[in-house]
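Before any comments, here is the structure.
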Amino acid sequence: MRCHPGHHRARAAAHAAHRGGSRRRRAPAARRGRGVGVAAEPAGGWPARLDPCEVEARWVEAWDQSGRLRGDPSSPRAPYVIAVPPPNVTGALHMGHALNGTIQDVLIRRHRMAGYETEWVTGTDHAGIATQAVVEKELAAQGIRRLDMTREEFLERVWAWKTEYGGRIIEQFTRLGCTMDFSRERFTMDDAYARAVLRVFVDLHEKGYVYRDTYLVNWDPGLGSAISDLEVENREVTDTLVRIAYPLSDGTGEVVVATVRPETMLGDTAVAVNPGDERYQALVGRTVTLPLAGRTIPIIADDHVDPAFGTGALKVTPAHDPNDFEIMRRHGLEAVQVIGEDGRMTDAAPEVYRGLLVVEAQERVLADLTAAGLIRGTEEYVHSVPFSHRSGARVEPLLSLQWFCDMKALATPAIEAEAKGQVRFTPPTWGRVYRDWLEDIQPWCLSRQLWWGHQLPVWYRGDDVHVGIDPPDGDGWERDPDVLDTWFSSALWPFATLGWPERTEELGRFYPTSVLSTAREIIFLWVARMVMMGLEYMGDVPFRDVYIHSVVQAPDGRRMSKSLGTGIDPLNVVDRDGADALRFGLLMITSTQDVRFSEDRIRQGRQLVTKLWNATRLVVDRGGRVGAPPPVVLGDRWIASVIGTAVEEADRLVAGFEFSQFADRLYHLIFDDLCDWYLELLKAGLATPEFAGAALEQVLALAHPVIPFTTEECWSRLPGSEGLMLTHEPARAPGPRDPDAEAAIALVREVVQTIRSVRAEQGIAPRERLVVAVEADGPCELPLDALEAIANVDAGEPGDDALVVLVSFGRILVRVPEVDATAERAHLEAALEAARGELARAERQLANEDFTARAPARLVDAEREKAGRFAGEIAATLARLDALT
RNA sequence: GGGCAGUUAGCUCAGCGGGAGAGCGCCCGCCUCACACGCGGGAGGUCACUGGUUCAAUCCCAGUACUGCCCA
C-alpha cells in the first residue's frame, strides 16, 4: 500500500508500472516484448543489450516504493534540499525540463548516496494566463465562450481540466528517473498555498509596499489584461512617421510634431521641446490649439526631449506613452485617456471618433488632418515596439487603476545577500545580471484581469477599500475581480511548499534549500523575487546556490520550438534510446553557454550503458561479487588507485556544477580504464575476480546518479548486492593513490601499445602470435605473463633480424616474419622528425637565459631532462635507420 | 544605444599561462572465448585577426571582424 496518497502520485505509479498511466503513447509493444524478461528471471539471462523500456519501468516502481524519496525532517542526517522550478500545469516535458531534471536528480542522488537526508520538493504552477487560455480554447471548440459563463462555472471547468491533465508533466519526470518527493507534491492553487499567497499580499499592503495606483500599464489587448514589464518583448517595426502641424493659439504660426500614432493626438495635453533647442525657445510658455479636439494645450520645455528626433517638438500623450507619462509627472499635466481597455476610442475623444477601433480612428484622424491641411509630410520609420509575450499582440500603454508592489525596499536585502555570498550564482556572470536588474527595479504591477488565479484579497464598497483575506463586516462589499500575477505566488515556492506560514517541522528542517537549478530566462521573473520574498518572510535566502543551466537548442542552433518544427520530444528519445542515454547525452553537452542538442551524445550514452552492462556480465561470469577485499595484485591496486582518483575528481566537479566534465570522466573511466585495461588485466590474470566485484561496485556507485537505471540493474546482478543502488552508501574509494601500481601499469600499456603499433605497421594479423623480448635500460619489473596474454606474444629470443622498437625505458625486440622495410623506414623517419622538433624546442628554451634564470627550477629541470631524452631518441632512431639499410 | 558571451580537428564542443583534447565522421586491420551500440592501429589544428603584458600566451589585457543572447 502507498503511504502517501495523492492523485498524481497514484497516476505516476500507475505509469511507472506500465499500466498506461501516461496519455502519451507507450513504446511499441513489440519493442517492450523483445526484452529478456529480466523481471521474470532477475538473475537469469544476459542479453547483449539491455532493454531500457523494460528495465526502467521496474526501477521507477522500486524507487517509489523505497520510501527514500520522501525526506524525513526528523532525521539526524544533514539535509540536502532542492525545490523544483514548478513547471506550468499545462506544460509537457520539453528538453529544457529534461536537462534540468537530470541535473537536479544527479545532485539529489549523489547526496542521498553520500548520506544526506534529501528532499526534492516537486509540484506545478497554476500558470494563470496559460491555463486559462488552454481551457478557453477547449471551450471554444465546443462553441462556448468564457464570457457566456459565470466566473464560478468557468473556474469549475478549469479545475476539472487540472484534475484530468494537470499531473502529466510530473509523471513525465519519472520517466527520466527523477526521484522527486511525489508525496509532497504541491500546486500553487492548493488551499494552503493560496492562503499563504493572500497572507503575503495583505502583509505587504500593511507594510506599505503594496498599493493601488493609477499608472501606465502594459495593456495586452489580445489578452484583455495588464501584463508586467517582463512579459513585454520589444521588436523592430517599420511605421509611418507623420508630421502634424499644431497651430499656435494666437494664430501667429504653428508647431510641427512627429508621431507614428496620430490617433493618440486626441489625448495630447502638451507639446514639449528641449530647453536648449533655439528653434523653439521663444515658444515655450505659449499654447497651441489641438487640432480636431480643439483643446488649448501648453508648450513646455523638458530635458528629455531629443531635439534631433523628428521636428524636435514632441506631442505629449500621458495616458498612452510611458515617456509622456513621466513628463506629465514632472510638469503636473493632465492625462486624457482616449483609448479604452477594449481597444476602442473612449468618450474622452471628440464625438466622431468615439467607439472606433484604434486602427479605424487612425485612418479617420489622418483623413481629417489631411482635409484640414495640417499634414506636413510622412516618412518610413523603424523603431522598437512592445509586443505581448503572452498573446503576441502589440502592447497598448494604458492608464489604469491597478495594484502595485514597490520593489525598492525589498530589493535592497536581496542585493546584499548576493554581494555577501549568501546566494552564489553559477556561472558567476549571472550574479551581475541579477544585481543590475535589482538595482534598477521598477514597481511591479500585480493585477491581472483574469479569472484563473489568486483573486485579490481586496474589497470595495463605494469609495471604501478593504484589504484582507476575509471580507469586512457589513453588506455591499464587492471583491476585486482581478487575480495576482502568477509569479507573485511562485515567489513563495521555496517556503510555501513546506507549509509556511505554519512553522512546520519540514519548514524548519528543509529551509533554506540547498540549490536552485533553473533557466536563465527566469532570473528576474522568479529567482530574484524568490530571494526577496524568502528574506522578507523567512529571514534567510531561499537557496544557497543558484545554478543556471544551458539552453538546449535544436541541432542546427535554432531555438527548439513547436512552431518552427525544431522541437525534439525527450520522451521520444527515452522510448528510443532509454532514459540513461538521454541523461548522459544531456549532461555531456551541458556548458556555461547555450548548447545544441546532439544525437551523437545520446548515442554515446547508449553505448556507455551497453558497455557497463557487458562489463558486469563479464565480472559476474568470472565470479566477481560485492565486497571490498584489499587490493593486493598489481591490476587490482592499479584500478583501486584510478577509481580513488575518479571519486575525488567527481566530488570536485559536481560541487562546481561541472556536469559535462563529470559525465566525460565517467565515460572514460568505464571505457578506457575499466573495460579496455582492467578487465583485460583480469582476463590475463593480473587482477582478481574478488576485487573486480568491488571495483565494479565502486564504478556503478559513481555512475549511478547519471545513469541510474543501468547501474541499478547491474548492481542487482552482482552477487552479494542488497537493496537499491539508490540508497547504497558505498565505502570510500577502495584504494588510496598507488603511484607504484600506476607506474607499473603505465609500462604494461606502453609495451602492449607498442607491439600493437608494430603489428599494424607491419601488417601482422592480431591473431598471429609473435615472439618478443623486452630490454630495459634500468631495473624494471614487467608482468610478462600478463603481457603475453594481452598482446598475444611469447617472451623469447626474437633473433638478430628482429625489429627493434624504442620505448621510454628501453627497447622491444619483435620477431617479424618479414620486415616491411619501407613501412619501418617511414615510421622511423616520422619519429625522427618529431623528436628533432621537440629537441629543437627544448634547446631553444634552454638557450634563453631569461628562461633558465626566471622560470621555476622544476620546469627548467624538466626541460633539460626532455632535451636529453630526445637527443637519445634521435641517436637511437638514427642507429635504427642505419641498421635497416 | 548599453551590457554579456562566443570564434580551437570535416562536424559538435571541452581545455584556458609552460610539450594541442573528446565524441562523431574519415582511413587501415580485426566477428580476439563481456560487448560489432564492439576491439586494435592511424590521419587530421599558424587554437578568428592585430597589437600588448610575460622568461613563456590557445589561455591574461586592449582593439578589430563576424556570431549569439540580455536590457533599453
Side-chain angles (χ1 to χ4, degrees), chain A residues 46-50 229-230 232-234 322 384 386 427 429-430 432-433 436-437 440 520-521 523-524 551 553 555-559 577-578 581 585 588-622 624 658 660-661 663-665 667-668 671-672 674-676 679-680 682-683 752-769 789-792 827 830 834 837-839 841-842 844-856 858-860 862-863 866 869-870:
Chain A
W46 287 96
R49 288 190 280 281
L50 277 175
D229 290 346
L230 293 170
V232 172
E233 169 190 6
N234 291 298
S384 180
T429 176
W430 298 112
R432 218 187 107 173
V433 173
D436 287 351
W437 184 73
D440 187 34
R520 61 153 186 268
E521 70 220 33
I523 291 175
F524 309 141
V551 173
Q553 299 169 331
D556 61 3
R558 288 188 296 169
R559 207 174 173 74
D577 296 315
M588 278 296 279
I589 60 172
T590 307
S591 169
T592 52
Q593 60 194 65
D594 288 355
V595 295
R596 299 178 183 200
F597 183 76
S598 162
E599 294 285 359
D600 278 348
R601 296 301 187 187
I602 304 298
R603 181 164 53 164
Q604 213 181 330
R606 207 176 63 204
Q607 289 165 347
L608 178 72
V609 159
T610 305
K611 194 74 176 171
L612 195 53
W613 169 247
N614 281 294
T616 304
R617 167 152 68 156
L618 176 72
V619 170
V620 172
D621 231 34
R622 302 265 165 165
E658 297 184 76
S660 67
Q661 295 290 318
D664 188 67
R665 296 298 159 84
Y667 181 87
H668 287 105
F671 264 83
D672 301 346
L674 185 73
C675 294
D676 283 355
L679 294 183
E680 294 307 316
L682 175 67
K683 291 180 194 170
V752 170
Q753 284 172 330
T754 302
I755 293 169
R756 284 172 179 166
S757 291
V758 168
R759 280 185 193 278
E761 272 162 21
Q762 295 291 326
I764 302 166
R767 73 178 79 81
E768 192 166 341
R769 211 160 168 90
I790 297 173
N792 192 30
H827 170 248
E838 294 297 341
L839 179 64
R841 192 197 49 76
R844 214 178 310 124
Q845 283 276 63
L846 291 165
N848 182 349
E849 280 175 30
D850 284 329
F851 172 74
T852 50
R854 309 175 83 153
R858 46 170 258 276
L859 289 171
V860 178
E863 217 55 46
K866 282 182 212 164
R869 182 151 47 84
F870 290 126

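It should be emphasised that the depicted structure is a prediction, and the values quoted were computed from it without experimental measurement. Protein chains get the first letters and strands the later ones, always in sequence-line order, with residue 1 at the start of each.
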| message | With a 3.5 Å limit on both atom pairs, tell me what B:rG44 is paired to, counting Watson-Crick and G-U wobble, or say none. | response | none
| task | Could you tell me whether A:E680 contacts a base, only the sugar-phosphate backbone, or nothing, with contacts defined as non-hydrogen atoms closer than 4.0 Å? | result | base
| Rounded interatomic separation in angstrom, taking CZ from A:R767 and P from B:rC31 | 5 Å
| task | Could you state the atom-to-atom distance from CZ of A:F671 to P of B:rC35 in whole Å? | result | 14 Å
| query | Do the side chain of A:N614 and the main chain of A:T610 share a donor and acceptor less than 3.5 angstrom apart? | reply | yes
| query | So which nucleotide from B:rA5, B:rC71, B:rG41 ends up closest to the side chain of A:Q593? | reply | B:rA5
| said: Only pairs with both distances under 3.5 Å count, Watson-Crick or wobble alike; so what is the partner of B:rU58 in this structure? | reply: none
| A:R559 (side chain) donor-acceptor with A:Q553 (main chain) under 3.5 angstrom | no
| field | Length of the line joining A:E658:CD and B:rA22:C1', which is rounded to integer Å | value | 16 Å
| Can you tell me how far P in B:rA22 sits from the matching atom in B:rG42, rounded to whole Å? | 13 Å
| query | For A:A791, does its backbone N or O pair with a side-chain atom of A:R759 as donor and acceptor, under 3.5 Å? | reply | yes
| Touch check for A:R49, heavy atoms < 4.0 angstrom, all strands: base, sugar-phosphate only, or nothing? | base
| field | Interatomic distance where CG belongs to A:D600 and P belongs to B:rC37 [whole Å] | value | 15 Å
| said: Does B:rG29 have its OP1 or OP2 closer than 4.0 Å to a side-chain nitrogen or oxygen of A:R759? | reply: no
| Tell me: CG of A:L618 to P of B:rU32, nearest whole Å? | 16 Å
| task | Determine the contact category for A:Q661: base if any of its heavy atoms lies under 4.0 Å from a base atom, sugar-phosphate if only primed atoms, P, OP1 or OP2 are that close, otherwise nothing. | result | sugar-phosphate
| field | Spacing of the C1' atoms in B:rC27 and B:rA9 (rounded, Å) | value | 15 Å
| task | Report the distance from atom CD of A:E521 to atom C1' of B:rC4, rounded to the nearest whole Å. | result | 17 Å
| Just to confirm, is there a sub-4.0 Å distance from OP1 or OP2 of B:rG23 to any side-chain nitrogen or oxygen of A:S598? | no
| For A:Q604 and B:rG25, what is the distance between atoms CD and P respectively, to the nearest whole Å? | 11 Å
| request: Give me the ring orientation class for A:W613 and A:W46: parallel if the planes are under 30° apart, tilted from 30 to 60°, perpendicular past 60°. | output: tilted
| message | What contact category does A:R596 fall into here, base, sugar-phosphate, or nothing, at under 4.0 angstrom with non-hydrogen atoms? | response | sugar-phosphate
| A:N614 side chain: which of B:rG38, B:rC35, B:rG23 is closest? | B:rC35
| request: Answer yes or no: are there more than 12 heavy-atom neighbours, outside A:R769 itself, under 6.0 Å from its atom CZ? | output: yes
| field | Rounded distance (Å) that lies between atom P of B:rG40 and atom CD1 of A:I764 | value | 18 Å
| query | What nucleic acid atoms does A:D676 come within less than 4.0 Å of, heavy atoms only: base, sugar-phosphate, or nothing? | reply | sugar-phosphate
| query | When you measure from the side chain of A:S660 to the backbone N and O of A:T590, does any donor-acceptor pair fall under 3.5 Å? | reply | yes
| Would you say a side-chain N or O of A:T610 is under 4.0 Å from OP1 or OP2 of B:rG38? | no
| query | Has A:Q753 got a side-chain N or O lying under 4.0 Å from the OP1 or OP2 atom of B:rG40? | reply | no
| Of A:E838 and A:S660, whose nearest nucleotide on RNA chain B comes first from the 5' end? | A:S660
| remark: Minimal heavy-atom distance between A:C675 and A:L679, with the atoms involved, is O-CB, 3.8 Å
| message | Using the P atom as the point on both nucleotides, what is the distance between B:rC35 and B:rG29, in whole Å? | response | 24 Å
| field | Interatomic distance at P, B:rG38 relative to B:rU32, whole Å | value | 15 Å
| said: Under a 3.5 Å cutoff, is there a donor and acceptor pairing between the side chains of A:R601 and A:Q604? | reply: yes
Pick out the pairs of N or O atoms, protein on one side and nucleotides 52-56 of chain B on the other, that lie under 3.5 Å.
residue : atom : partner : partner atom : Å
B:rC55  : OP1  : A:R854  : NE           : 2.8
B:rC55  : OP1  : A:R854  : NH1          : 2.7
B:rC55  : OP1  : A:R854  : NH2          : 2.4
B:rC55  : O2'  : A:N848  : ND2          : 2.8

| field | Closest approach of A:N848 to A:D850 (non-hydrogen atoms, all atoms of both residues) | value | OD1-N, 2.9 Å
| field | Residue pair A:W430 / A:I523, side-chain heavy-atom distance below 4.5 Å | value | yes
| query | With a 4.0 Å cut-off on heavy atoms, is A:T429 in touch with a base, just the backbone sugar-phosphate, or nothing at all? | reply | sugar-phosphate
| request: Would you classify A:R841 as touching base, sugar-phosphate or nothing, given that sugar-phosphate means primed atoms plus P, OP1 and OP2, and contacts are heavy atoms under 4.0 Å? | output: base
| said: Counting C-beta onward and ignoring hydrogens, is there a side-chain heavy-atom pair between A:R622 and A:L618 closer than 4.5 Å? | reply: yes
| If you measure from the P atom in B:rU50 to the same atom in B:rU46, how many Å do you get, rounded? | 14 Å
| task | Pick base, sugar-phosphate or nothing for A:R756, based on heavy-atom distances below 4.0 Å to the nucleic acid. | result | sugar-phosphate
| If you look at every strand shown and take non-hydrogen atoms under 4.0 Å, does A:R869 touch a base, only sugar-phosphate, or nothing? | base
| Paired with B:rG25 by Watson-Crick or G-U wobble geometry, both distances under 3.5 Å: which nucleotide is it? | none
| field | Nearest-angstrom distance, C1' atom, B:rC31 to B:rG44 | value | 29 Å
| said: Give me the distance, rounded to whole Å, that separates B:rU67 from B:rC30 when you measure between the P atoms they each carry. | reply: 49 Å
| request: Could you check which nucleotide pairs with B:rC33 in any of the strands shown, counting Watson-Crick or G-U wobble with both distances under 3.5 Å? | output: none
| task | Using a 4.0 Å heavy-atom cut-off across all strands, classify A:F597 as base, sugar-phosphate, or nothing. | result | nothing
| query | Taking only N and O in the side chain of A:K611, is any of them less than 4.0 Å away from OP1 or OP2 of B:rA34? | reply | no
| Can you tell me how far P in B:rA43 sits from the matching atom in B:rG52, rounded to whole Å? | 36 Å
| Nucleotide forming a Watson-Crick or wobble pair with B:rA65, both distances under 3.5 Å | B:rU7
| request: Report the residue (A:R432 or A:T590) whose heavy-atom-nearest nucleotide on RNA chain B is the more 5′ of the two. | output: A:R432
